[in-house]
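Let me begin by presenting the structure, written as structure tokens, before commenting on it.
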Amino acid sequence: MARTKLYTAIFVVLMVFSTTQAFIEQTDLIENAYWTAFGVIIGLSTIKAVLVAGYFQHLRWEPRAVTYIVLGGLFAALALTTAAAYSIL
Amino acid sequence: MSHGQDHGHDFPPMSSVKRWFVTTNHKDIGILYLITSIFVMLLAGALALVMRAELFSPGLDFLSSASGYNQAVSAHGLLMVFWFISPFAFGFANYIVPLQIGAKDLAFPRLNAMSYWAYLFSILLFVISFFQGGTFAGGWTMYAPLNIPTYMPNVGGTSVVLALIMFVAAVTMGSVNFLTTIYRMRAPGLRMRDLPMFSMSIFLTVWMMLFAFAALLAALMILGAQHLVGVNYFNVDGGSLLWTHLFWFFGHPEVYIVFFPALGVMAETFQTFTGRRIVGRKWFVLAMVLVALQSFIVWMHHMFLTGINLQIKTLFMVTTIGISLPFDLMVFSLIYTMIKGRIRYTTPFLFSLGALILFILGGITGVFLGAVVLDYEFRGTYWVVAHFHYVMFAGGTALVGGLYYWFPKMTGRMYNEFLGKLHFAVYFVGFNLLYFPMFSAWETPRRVFVFDTSMAFWHKIATVGAFMLGFSFFIMFYNLFKSMASGEEVGENPWEYATTAEWATESPPPLENFTGIADYRGGKLSFLSESEANAAASGTATDGGTATDGGTPPAEASTATGSGTATGGALATAEQALATRTVESEPEHADHASYWPLVVCFAGFLAFLGLSGIQQGGIYYGFAGAGGLLSAIGFVGMAQESFHAPEPTIAEQWPFANVPNMKLGMWFFLSSDVVLFGGFIGSYLFLRVANGWMFWEHELIPEAHVTFPGLVNTYLLLASSFAVVLALVAAHKNSSRGIVASLSATWLLGVGFLINKGIEWQHLFHIHTDAFPNGWNLATNVASSTFYLTTGLHAAHVIVGLIMLLYMIPRAMRGAYTGEDEASLEYFGLYWHFVDIVWLFLFPLFYIL
Amino acid sequence: MPVMAVPAGGVVADVVLAGAGGIRAPAEVFQRIFLVFLALGTLVGTVVITYTLYNAYKYRYREDVDPAPDAERPQMGELPEGGGKGKKLFLSFGLSAVIVLSLVAWTYGALVMVEEGPSQSAGQEELESLNVQVEGYQFGWDYIYPNGHKTSTLRVPVDRVVNVSVTSRDVFHNFGIPELRVKTDAIPGQTNDAWFIAEETGTYQANCYELCGQGHSYMQTDVVVMSQSEFDEWYSNTNGTESGTNSTQSPTGTESESGDHSEAIAR
């Protein structure tokens with residue numbers, strides 16, 4: 001199927017992004033601008049996750065409601081984490 | 001009673017004991033839940049009476065010193081909140097919801113049986129805890145650090161944590177089941193907004209359950225790990241607060257999880273017994289939806305005194321007051337429904353009306369608690385106790401009404417109305433004698449048996465009320481028992497103005513619920529024959545997402561199984577599909593019995609029992625080992641079993657048309673797993689903030705903890721995900737060899753992941769530096785604990801996947817999963833990719849940052 | 001209760017009095033708000049419940065009388081309609097929302113006041129208040145004064161702001177003196193602050209309000225409120241010693257204001 005090429009391309013991107021994240025640790029960014037590095041690294045992870053969810057888990061081709069279920073869980077987890085962390089700042 | 005549609009199939013009749021152990025039918029399971037939960041109510045109620053007896057005078061102390069009293073109050077709370085009230089509601093949900101939506105059963109019948117047996121065995125484990133050095137004695141809120149072994153060394157404490165974990169498993173299985181059922185198995189023409197009020201309330205309840213209980217599970221697993229392997233979470237800086245966040249994030253939605261089914265019962269009985277449609281029904285439903293959503297953003301109002309900052313207290317004060325508003329609307333809706341009614345004071349209505357009044361009282365006192373300055377004084381006092389008993393037990397009151405309401409449907413006989421009214425009278429007086437004085441005695445601290453003599457008078461009244469309330473139940477038991485034997489027989493519908501589908505079939509309903517297929521497309525309920533229904537389906541093209549008619553091949557459309565694991569069900573599906581392809585003309589029949597749910601859950605019970613005392617060794621090793629072995633046998637048995645639970649070919653399925661039940665169920669499960677990991681990752685982040693973000697990395701983590709093993713593991717896992725994708729591609733191409741090769745690659749890469757991790761961990765366990773002379777292991781410090789436990793939970797998920805692969809690869813070698821059969825492969829993939837995605841976040845959080 | 005004159009800008013015995021400096025004791029604040037809520041709550045509850053029962057009685061089933069035509073009654077198997085008649089509902093809902101929201105908004109000012117302590121609301125530059133560290137343990141309370149003195153009976157002067165910094169040595173407790181309307185959680189590893197003003201001398205009781213183990217029910221200590229002079233006398237005799245405590249551990253990290261113990265003031 002034509003999709004095999006797409007999957008392979010995504011796999012390569014995933015590998016490259018992961019290597020990039022590890023690489024950032026070697027740069028100065030993580031020493032001088034820790035939270036910027038944090039944002040970049042987590043941002044890369046998020047993109048990777050979206051790729052795996054959208055293409056490998058097929059969410060792109062499922063009814064949108066399925067994505068909403070997962071986003072609901074994600075939102076609940078984030079609400080708890082951020083509010084709790086903020087409460088002790 | 002009709003057994004007309006009991007097509008044999010080795011399904012024992014209701015009178016046989018065996019039936020009750022193997023049944024997967026929703027009505028049977030509903031009855032099992034009702035009876036079991038009532039036993040729990042008696043136990044927890046007895047504990048309450050013992051407490052109230054001791055509270056008759058301040059300073060009485062006959063419960064063998066404080067430990068006895070603390071055990072009683074904790075067990076009373078835990079049993080009532082978890083093991084009585086929701087299961088009682090779900091007894092009704094199981095029995096009634098499929099009837100109300102026009103379905104023949106739940107989506108996953110064996111999973112449903114598993115929910116029940118897990119529930120039952122978890123109760124057993126709880127009861128055993130009393131004999132293991134005393135049960136958990138830290139309150140139902142289980143605050144830290146009282147909940148850790150340092151302060152609660154008795155094995156019974158651990159057992160309760162494990163019993164609760166087992167209970168959460170039951171609840172999660174139940175939520176996945178009900179959500180899939182309600183979304184995918186409604187009668188054609190029954191849109192989501194048309195759901196009857198009780199089914200609507202259950203629908204929202206299970207949504208809340210799905211996410212809330214996952215947070216509790218995270219808390220419990222961490223606490224269990226602290227008990228069993230000594231991780232440091234709740235004893236470090238921020239640990240106490242971490243528990244309160246995790247617990248109350250669950251705890252607040254929990255109170256609505258408890259109340260919503262009661263609200264649904266109230267709405268149904270108000271409509272039926274006033275003979276008026278619910279006023280502003282659309283707004284009532286919207287209010288319920290709002291409450292369900294808002295329930296997740298109010299939890300810190302249980303924490304106003306924990307030292308959190310003023311801004312967040314203000315925010316949560318606002319959200320808390322905000323959540324009282326939809327309830328105002330619902331209360332008024334019910335009141336206005338009575339206007340121009342023709343109200344019959346039947347027992348169900350009396351209990352619902354009584355519940356409404358109790359809820360109004362409880363709700364008003366809740367507004368007091370929402371004003372933070374007042375809450376500062378009410379915290380930890382009987383004001384809170386009185387408030388929550390008024391609202392929660394108001395829910396219980398409505399559910400008792402539900403029991404009277406649906407008793408004729410379930411037994412085919414009418415209860416005695418006079419005794420019912422008598423029950424209500426004694427109940428209502430007893431209830432208020434018990435709880436109202438608590439407002440006068442509100443200064444009494446919670447969970448004490450020593451209090452100021454100025455309050456003794458009120459407590460005496462409360463004790464009298466308690467016994468009166470307890471006694472009233474015996475009127476009910478006598479009534480129901482006698483009526484089951486010799487009550488007046490009823491037909492389909494003994495209640496004038498009832499509208500919902502359960503009243504349109506026999507009492508009790510036949511095995512598959514209705515004669516004919518329920519259908520609402522004509523604007524009201526009608527029953528079609530199979531051919532009529534098919535004809536109607538191919539004729540109409542509604543945008544309501546009616547399932548396809550003849551488009552999908554029969555094998556795929558009709559098979560769905562109800563096992564607990566994705567692969568179990570998926571494999572049985574494949575098995576069944578293989579079978580039906582060769583015997584195409586075989587008529588569909590549904591299975592209703594399996595003994596595997598019982599076996600698996602009993603095995604789980606043994607395993608947890610073994611775990612509870614594992615540090616003491618001896619017989620506990622035996623239990624754990626036996627449990628582990630038996631559950632392996634059970635899961636395989638369940639997967640091999642050919643269990644047929646057909647998905648309806650014609651149903652309202654918006655917004656999940658074309659998403660088969662198994663797939664949808666898997667997605668619901670994965671979403672709760674997101675929250676579970678969210679709880680673990682969130683705990684790590686919270687503790688890291690509490691202990692100093694950078695300090696953590698510089699002082700608590702050894703230099704030896706480097707990024708490279710994590711990166712290698714990331715490569716391995718990503719490659720394994722890719723391999724699964726390739727397996728699916730091979731399945732499309734009908735290449736058995738391709739499937740086997742890809743799945744084997746997945747397996748090898750997964751094993752590589754574990755080996756690499758093992759090497760890494762071994763290395764870290766054995767470092768000897770100045771900072772870490774004894775290595776960096778699970779119990780070294782909070783950083784090590786969070787690292788090993790979180791990545792360990794992830795590794796456990798990997799192991800489960802690998803075990804599933806061990807089952808799938810041999811079958812693939814024999815030709816399974818090719819062609820249209822690839823569904824189970826796809827479901828496995830969903831799980832495996834999820835595990836991969838979690839790692840994509842664990843890697844940076846625990847290695848790089 | 002006599003209000004003593006406040007010497008402006010004085011150094012010694014420059015004390016803060018309830019009412020005089022515009023500071024209201026949390027106890028007063030609570031009492032007022034509680035009574036308003038109680039009155040309104042009782043009123044609303046009575047009205048709503050009476051109205052409910054009235055309707056339940058008025059529209060009871062009578063064989064011969066049907067207040068509405070049959071067509072408006074629920075029919076078996078019907079699909080629910082949109083559910084009109086929202087107007088009356090929204091009126092009641094709106095009214096109750098207004099009541100509830102204004103009640104809570106009204107308490108917000110008090111919340112800020114209690115939260116930020118008397119310094120903000122009094123507007124005085126130097127505030128002389130008594131700071132006491134409170135340590136909860138299984139199963140009692142230790143009070144540690146600025147001079148290092150540790151006791152298991154809390155002694156405070158009347159009409160003076162008392163700041164308590166509360167923590168725990170073991171599990172999660174909660175410290176509260178009900179009659180003086182002060183309460184806060186006692187959490188191991190962190191310190192929570194609260195404050196109160198005792199407006200009458202006498203003996204009160206401090207309790208534990210969070211289940212903390214077997215001795216939870218017995219975890220009470222006395223709180224003695226005495227006149228300023230009596231307090232000064234007692235305090236100057238303490239000299240940084242322990243007296244009558246049950247605890248076996250010495251206080252950690254308390255700095256004693258060494259030197260002048262006759263100085264009854266602590267910051």
Side-chain angles (χ1 to χ4, degrees), chain B residues 66-67 70 138-139 143 145-146 151 194 237 240 271 275 277 279-283 305-307 310 321 324-325 328-329 332-333 335-336 338-344 353 357 360-361 364 367-368 370-374 376-377 379-380 443 445 447-450 497 499 503-504 520 523-525, chain C residues 29-30 33-34 37 41 44-45 48-49 51-52 55-56 59-61 66-68 73-80 82-83 85-86 88-89 92-93 96-97 100-101 104 107 110-111 114-115 171-172 174 178 181 183-185 187-190 192 207 209-218:
Chain B
S67 166
N70 291 354
Y143 268 23
L146 184 62
Y151 299 105
D194 298 323
D237 271 356
S240 291
Q271 180 164 295
R277 302 190 181 98
V279 166
R281 181 186 191 277
K282 173 168 65 174
W283 304 110
L305 275 79
T306 54
L310 177 62
I321 291 305
S324 73
L325 300 179
D328 284 346
L329 187 141
F332 284 116
S333 166
I335 296 175
Y336 292 143
M338 288 193 288
I339 295 178
K340 297 218 191 117
R342 305 191 80 191
I343 304 173
R344 287 96 67 216
L353 180 63
I357 292 172
I360 291 170
L361 283 173
I364 290 175
V367 176
F368 284 66
V372 184
V373 269
L374 294 182
Y376 281 167
E377 287 317 310
R379 156 88 166 103
E443 301 259 27
R447 300 150 170 178
V448 301
F449 49 88
V450 174
Y497 303 125
T499 63
W503 303 110
Y520 279 93
K524 59 191 291 275
L525 177 64
Chain C
V29 170
F30 172 81
I33 297 180
F34 181 48
F37 269 68
V44 169
V48 174
I49 292 178
Y51 182 65
T52 305
N55 279 318
Y59 294 104
R60 66 197 181 284
Y61 183 91
D66 186 345
R73 302 225 171 269
Q75 310 289 330
M76 169 55 72
E78 69 178 18
L79 279 175
K85 303 203 171 69
K88 197 172 184 177
L89 200 58
S92 320
F93 167 69
S96 60
V100 165
L101 288 170
V104 174
T107 67
L111 171 62
V114 169
E115 194 74 10
V171 299
F172 200 126
N174 176 291
R181 298 292 174 224
K183 187 178 289 183
T184 188
D185 282 337
I187 303 176
Q190 72 181 69
N192 291 334
N207 302 316
Y209 288 87
E210 179 57 52
L211 180 60
C212 54
Q214 295 203 9
H216 171 65
S217 286
Y218 298 110

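On a predicted model such as this, the values are computed, not experimentally measured, just so you know. Per chain, numbering begins at 1; letters A, B, ... match sequence-line order. All values below come from the heavy atoms of this structure, side chains included, with hydrogens, waters and symmetry mates left out.
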Side chain, backbone, both or neither: which part of [X] has an atom under 4.5 Å from a heavy atom of chain C?
X	value
B:Ile339	both
B:Asp194	both
B:Tyr151	side chain
B:Leu329	both
B:Ile364	side chain
B:Phe368	both

Treating [X] as the side-chain partner and [Y] as the backbone partner, does any N or O pair qualify as donor plus acceptor under 3.5 Å?
X	Y	result
C:Arg60	B:Arg342	no
B:Lys340	C:Pro67	no
B:Ser333	B:Gly280	no

[X] versus chain B, the contacting section by heavy-atom distance below 4.5 Å:
X	answer
C:Asp185	both
C:Asn174	side chain
C:Glu78	both
C:Ile49	side chain

Tell me, out of [options], who's got the most heavy-atom pairs with chain B below 4.5 Å.
options	value
C:Phe172, C:Tyr209, C:Tyr59	C:Tyr59
C:Leu111, C:Val100, C:Val44	C:Leu111
C:Asn192, C:Ile187, C:Val48, C:Asn207	C:Asn192
C:Ser96, C:Gly189, C:Ala110	C:Ser96

Between [options], which residue shows the highest count of heavy-atom pairs closer than 4.5 Å to chain C?
options	result
B:Leu353, B:Thr306, B:Leu310	B:Thr306
B:Arg344, B:Arg447, B:Arg379	B:Arg379
B:Gly139, B:Ala504, B:Gly523	B:Gly523

Is [Y] close to [X] at the side-chain level, that is, under 4.5 Å between some pair of heavy atoms?
X	Y	result
B:Val279	C:Lys88	no
C:Tyr218	B:Val450	yes
B:Met338	C:Thr52	yes
C:Tyr61	B:Ile343	no

Which residues pass the side-chain contact (heavy atoms from CB on, under 4.5 Å) test with C:Thr107, sequence neighbours left out? B:Ala371, B:Val373, C:Ile33, C:Phe37, C:Val104

With sequence neighbours excluded, what pairs up with B:Tyr376 under the side chain to side chain donor-acceptor pair (under 3.5 Å) test? B:Lys313, C:Glu115

Mind checking the CD-CG spacing from C:Glu210 to B:Leu146? Nearest 0.5 Å is all I need. 8.5 Å

Determine whether C:Arg181 and C:Val29 satisfy the following criterion, side-chain contact (heavy atoms from CB on, under 4.5 Å), listing intermediate values before the conclusion. CA-CA 9 Å; C:Arg181 298 292 174 224; C:Val29 170; over 6 Å; no

